Amino acid sequence: MSTVPKQQMFCLKWPWDVNKDTTSPSPCNFEGPWLFKSLQNLGSFALNSVNSMSKSSGSWFPKFDIQQFTTGAGQNGDLKSKRKVLTPKEQGEAEHRAFASALASGKESTVIEFYSPKCRLCNSLLRFVLEVESRNSDWLNIVLADAENEQWLPELLNYDIKYVPCFVLLDKNGRALAKTGIPSSRLHVVAGLSHLLKLKRPTPDGSSLSSPQG
């Protein structure tokens with residue numbers, strides 16, 4: 001008897017996996033009275049219709065609004081009327097500009113969030129990430145990096161990114177200090193990000209947990 005595989009918590013598709021075959025045969029076959037067969041056929045028709053709509057739209061889940069991160073958290077409200085759909089090349093360039101701007105800002109820390117547009121967990125964290133950046137904007141920048149965009153391949157290799165979402169903490173000189181572990185749940189990711197922030201959050205005396213002790 002075949003078993004139905006559990007739905008993955010997150011999705012990650014690397015640039016070199018574009019030709020990977022993800023189709024699989026139906027795990028269940030049902031034979032019953034004509035009434036149930038009719039209902040089954042109706043359900044199959046509806047499912048095929050939904051699948052066709054999903055394929056035609058390119059992705060079931062919407063992509064991140066990258067423009068929210070290109071100029072900092074304080075200007076997000078002014079960008080709502082300026083949103084537009086970016087090509088992968090434009091999006092990669094915008095993300096890299098945001099990254100360069102964050103490092104040049106002189107703030108104590110920068111966090112890079114590696115995500116996938118198809119990752120449900122990543123999408124569920126977007127509002128939380130925006131709030132975190134807003135609350136800590138005096139010392140922290142957060143930038144997004146699409147793990148499916150080939151323009152981030154050097155960073156993916158450099159930081160050994162093998163899963164999403166993954167947050168990497170950098171100091172003001174761009175040196176990587178730590179990153180979150182393999183995500184098992186939304187709560188696990190939130191706790192991991194909170195731990196990263198504690199490493200560099202300024203204390204009343206102006207130091208941080210990762211600062212050298214005198």
Side-chain angles (χ1 to χ4, degrees), residues 9-10 64-80 82-83 91-116 119 121-147 149 151-214:
M9 180 67 68
F10 60 91
F64 284 106
D65 184 358
I66 184 60
Q67 295 189 34
Q68 294 184 14
F69 283 85
T70 56
T71 56
Q75 300 181 15
N76 288 336
D78 299 332
L79 294 170
K80 291 181 180 178
K82 301 179 182 179
R83 296 175 181 172
Q91 181 171 324
E93 291 173 348
E95 289 177 343
H96 273 87
R97 285 196 300 270
F99 183 38
S101 177
L103 293 179
S105 69
K107 291 185 180 181
E108 184 68 24
S109 300
T110 295
V111 169
I112 310 177
E113 180 193 353
F114 288 93
Y115 72 97
S116 166
C119 168
L121 183 55
C122 300
N123 277 278
S124 75
L125 289 167
L126 179 56
R127 184 179 298 276
F128 171 73
V129 171
L130 284 169
E131 292 175 353
V132 168
E133 185 185 34
S134 178
R135 290 197 304 265
N136 300 279
S137 59
D138 57 328
W139 65 276
L140 176 70
N141 288 308
I142 299 180
V143 295
L144 292 176
D146 183 354
N149 194 312
Q151 295 187 48
W152 285 105
L153 184 56
E155 286 79 11
L156 291 171
L157 297 175
N158 183 47
Y159 301 130
D160 193 28
I161 305 300
K162 297 180 180 179
Y163 48 83
V164 294
C166 183
F167 295 83
V168 180
L169 175 67
L170 309 177
D171 64 14
K172 59 184 176 183
N173 298 314
R175 183 171 61 97
L177 302 176
K179 68 179 180 181
T180 55
I182 299 175
S184 58
S185 66
R186 189 178 190 277
L187 182 61
H188 178 259
V189 176
V190 170
L193 177 57
S194 299
H195 176 70
L196 289 186
L197 299 183
K198 287 180 181 179
L199 294 177
K200 292 298 291 182
R201 180 179 285 115
T203 58
D205 61 1
S207 63
S208 61
L209 292 179
S210 62
S211 300
Q213 300 297 319

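Because the structure is predicted, anything quoted here is derived from the model rather than measured.
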Visitor: Trp139 and Lys200: side-chain contact (heavy atoms from CB on, under 4.5 Å), yes or no, with the steps?
Guide: CA-CA 9 Å; Trp139 65 276; Lys200 292 298 291 182; 3.9 Å; yes
Visitor: I'd like to know if the side chain of Asn136 reaches the main chain of Val132, judged simply by a donor and an acceptor atom lying under 3.5 Å from each other, with no hydrogens or angles considered.
Guide: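 Yes: the side chain of Asn136 pairs with the backbone of Val132.
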Visitor: Does Gly92 offer a backbone N or O that forms a donor-acceptor pair with the side chain of His96 under 3.5 Å?
Guide: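 Yes; at least one donor-acceptor contact below 3.5 Å.
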Visitor: How about Lys107: does its NZ atom have over 12 heavy atoms from other parts shown lying under 6.0 Å from it?
Guide: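 More than 12 within 6.0 Å, yes.
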Visitor: Thr180 side chain to Phe167 main-chain N or O, any donor-acceptor pair under 3.5 Å?
Guide: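 At least one qualifying donor-acceptor pair exists.
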Visitor: Between Glu113 and Val129, does a side-chain contact (heavy atoms from CB on, under 4.5 Å) hold up when you go through it step by step?
Guide: CA-CA 9 Å; Glu113 180 193 353; Val129 171; 3.7 Å; yes
Visitor: Are Trp152 and Leu144 side-chain neighbours, meaning at least one heavy-atom pair lies under 4.5 Å?
Guide: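 No, their side chains stay 4.5 Å or more apart.
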Visitor: Enter the distance from Leu170:CG to Lys179:NZ here, rounded to the nearest 0.5 Å.
Guide: 12.0 Å
Visitor: Decide yes or no for Gln91 and Asp146: does some side-chain heavy atom of the first lie under 4.5 Å from some side-chain heavy atom of the second?
Guide: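 When only atoms from C-beta onward are counted, Asp146 and Gln91 do touch, with a gap below 4.5 Å.
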Visitor: Just so I know, are the side chains of Leu193 and Val189 near enough to count as touching, which here means a heavy-atom distance under 4.5 Å?
Guide: no
Visitor: Does Cys119 offer a backbone N or O that forms a donor-acceptor pair with the side chain of Asn123 under 3.5 Å?
Guide: yes
Visitor: Of all heavy-atom pairs between Ser116 and Val164, which one has the smallest distance, and what is that distance?
Guide: CB-CG2, 4.0 Å
Visitor: Is there a side-chain contact between Ser109 and Asp171 (heavy atoms, below 4.5 Å)?
Guide: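 Not in contact.
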Visitor: Any non-hydrogen side-chain atom of Val190 less than 4.5 Å from a side-chain atom of Leu125?
Guide: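 They are in side-chain contact.
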Visitor: Please check this pair: side chain of Asn149 against backbone of Gln151, looking for a donor-acceptor N/O pair closer than 3.5 Å.
Guide: yes
Visitor: Any side-chain heavy atom of Leu121 sitting closer than 4.5 Å to one from Pro165?
Guide: yes
Visitor: I need the Leu196 CG to Lys198 NZ distance, nearest 0.5 Å.
Guide: 11.0 Å
Visitor: Checking side-chain contact (heavy atoms from CB on, under 4.5 Å) for the pair Tyr159/Ile112: CA distance, chi angles, key distance, verdict?
Guide: CA-CA 10 Å; Tyr159 301 130; Ile112 310 177; 4.0 Å; yes
Visitor: Provide the closest heavy-atom pair for Glu133 versus Leu140 in the form atom of the first, atom of the second, distance.
Guide: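 Between these two residues, the closest heavy atoms are CG-O, 4.3 Å.
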Visitor: Indicate yes or no: at least one non-hydrogen side-chain atom of Ile161 is less than 4.5 angstrom from one of Val168.
Guide: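 In short, these two side chains touch, coming nearer than 4.5 Å.
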Visitor: Under 3.5 Å, side chain of Arg186 to main-chain N/O of Ser124, donor-acceptor pair present?
Guide: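 Answer holds: yes.
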Visitor: Let's go through Leu177 and Leu199 carefully: what are the C-alpha distance in whole Å and the side-chain angles of both, what is the deciding distance for side-chain contact (heavy atoms from CB on, under 4.5 Å) to 0.1 Å, and is it a yes or a no?
Guide: CA-CA 9 Å; Leu177 302 176; Leu199 294 177; 5.5 Å; no
Visitor: Hydrogens and angles aside, do Asn141 and Ser105 bring a side-chain donor and acceptor to less than 3.5 Å of each other?
Guide: yes
Visitor: Determine the minimum heavy-atom distance between Ala145 and Glu95, stating which atoms define it.
Guide: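 In terms of heavy atoms, the two residues are closest at CA-OE1, 3.8 Å.
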